[in-house]
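Remarks on the structure that follows.
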Amino acid sequence: MSAIFSHCTPITSDKAASLSSSFSGHNLWRSAQLPGKFCSTISVSSPSGSPALRSRIACQISSSAATSPPSSSVNVQAKSGQKDFLHISDFDKATILKILDQAAEVKALLKSGDRTFLPFKGKTMAMIFAKPSMRTRVSFETGFSLLGGHAIYLGPDDIQMGKREETRDVARVLCRYNDIIMARVFAHQDILDLAKHATVPVVNGLTDYNHPCQIMADALTIIEHIGHLEGTKVVYVGDGNNIVHSWLLLASVIPFHFVCACPKGFEPDEQTVEKARKAGISKIEITNDPKEAVRGADVVYSDVWASMGQKEEAAHRRQVFKGFQVDENLMKLAGPKAYFMHCLPAERGVEVTDDVIEAPNSIVFPQAENRMHAQNAIMLHLFGL
């Protein structure tokens with residue numbers, strides 16, 4: 001198991017244990033002694049049936065163990081290499097796969113009903129929301145709480161970052177109260193400035209440019225249902241938005257076939273497309289023909305045509321995006337094994353029909369659930385746990 005139980009001392013004759021990764025095939029066990037802890041092997045049922053997820057090393061914290069102290073940013077950087085989670089492409093393939101492994105392991109643990117794994121005990125997270133969101137707030141807040149931490153919601157009127165108070169000042173104040181900061185903002189520069197001035201990890205909960213936590217959850221979902229991400233064909237149909245940028249950044253790290261089918265004039269950022277192509281890792285296609293794009297797809301992915309902040313363009317976009325709705329006919333072209341994914345919220349009857357989102361091969365709700373598990377693993381990694 002990745003670094004989840006990195007502070008445990010397994011009770012074996014040679015003081016070592018190993019656990020194979022279900023996704024990367026790497027040996028992920030590391031051990032270190034800590035007073036007040038001991039380990040025992042228990043069985044956990046895995047949703048995917050993987051043998052690696054049916055066993056783990058469980059840390060039992062003795063009653064005399066003290067609450068873990070707040071993390072030092074120096075220690076975080078030393079352990080993880082990157083202080084923050086801002087773009088998927090900031091990390092190498094091995095790290096991304098390690099985080100996905102850890103997400104699956106902690107998910108299996110929580111699904112088993114075990115609530116003894118509390119790595120975030122004694123830690124607080126500040127959650128900045130310039131943009132409101134049900135999934136982002138609930139997944140982060142619930143996930144952090146389930147692992148022992150306390151999350152603080154700061155809505156659009158609580159801070160007014162960049163208006164009432166400069167971003168650099170907000171960052172330097174919040175990191176003196178909290179162990180980690182998550183922000184869901186409009187301008188990408190805001191998340192960059194937060195990370196620059198904060199001494200604790202900063203997680204990108206969404207910007208107008210990218211949405212890395214969503215794509216990590218998507219990758220986890222694809223692996224659960226298909227068995228692997230590498231070599232799959234993922235076809236996004238719709239606006240070349242922040243979701244597409246994140247898929248492109250992932251494609252610059254992990255090899256798969258990514259296609260974005262969008263109307264002319266709504267293509268993704270050219271520099272991001274070029275970055276993904278120059279990486280030479282994945283096959284990248286940008287097309288204006290959704291019917292041709294989806295042929296042979298493993299996943300057909302959609303998102304709203306007008307995101308938050310673009311609602312005044314909604315009527316115009318509905319005209320431009322005619323022919324880009326994911327309906328039964330488009331899914332038939334993809335083939336019987338193709339899954340449908342959507343990052344939600346969905347405008348049923350607009351970018352996707354009701355019968356597609358409710359079809360047996362729609363995995364949008366497991367995908368939504370995996371936001372919590374992927375984000376938990378991201379934060380564990382940033383804490384060096």
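A donor-acceptor contact closer than 3.5 angstrom is absent between the side chains of H150 and K123. For the residue pair E224 and N370, a side-chain donor N or O sits within less than 3.5 Å of a side-chain acceptor on the partner. Between N241 and D303, the side chains place a donor N or O and an acceptor N or O closer than 3.5 Å (distance only, hydrogens not considered). Between the side chains of H342 and E351, a donor-acceptor pair is found at a separation under 3.5 Å.
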Q: Evaluate the criterion side-chain contact (heavy atoms from CB on, under 4.5 Å) for residue pair V200 and D179; output intermediate values, then yes/no.
A: CA-CA 6 Å; V200 300; D179 299 279; 5.6 Å; no
Q: Test E358 against R348 for salt bridge (charged side-chain N to carboxylate O under 4.0 Å, His left out), laying out the working first.
A: CA-CA 10 Å; E358 294 293 346; R348 296 176 183 235; 2.9 Å; yes
Q.
Go through it in stages, so that I can follow the logic: the residues are Y301 and D218, the test is side-chain contact (heavy atoms from CB on, under 4.5 Å), and I'd like the CA-CA distance, side-chain angles, deciding distance and then a yes or no.
A. CA-CA 10 Å; Y301 196 117; D218 297 342; 2.7 Å; yes
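Among all heavy-atom pairs drawn from T272 and H245, the shortest one is CG2-O, 3.9 Å. What you find for E328 and T353 is that their closest heavy atoms are N-OG1, 4.3 Å.
Figure legend: cation-pi geometry between K283 and F256 absent, as NZ or CZ is not positioned both under 6.0 Å from the six-membered ring centre and within 45° of its axis.
For D90, the side-chain hydrogen bond (donor to acceptor under 3.5 Å, both in side chains) partners are H87, not counting sequence neighbours.
Classification of the Y339-H225 ring pair by plane angle, with boundaries at 30° and 60°, yields perpendicular.
In summary, the aromatic rings of F129 and Y153 are positioned with their centroids under 6.0 Å apart.
A continuous path of hydrophobic side-chain contacts links L147 to M379 [ILVMFWY only; heavy atoms under 4.5 Å]. Both L154 and L194 are part of a single hydrophobic cluster, where members link through side-chain heavy atoms under 4.5 Å apart.
Among pairs with a residue in residues 356-376, none fulfils ring-ring contact (aromatic ring centres under 6.0 Å, His included), at least two apart in sequence or across chains.
Residues K275 and E270 are not paired through a salt bridge, judged by the lack of any N-O separation under 4.0 Å between the basic side chain and the carboxylate.
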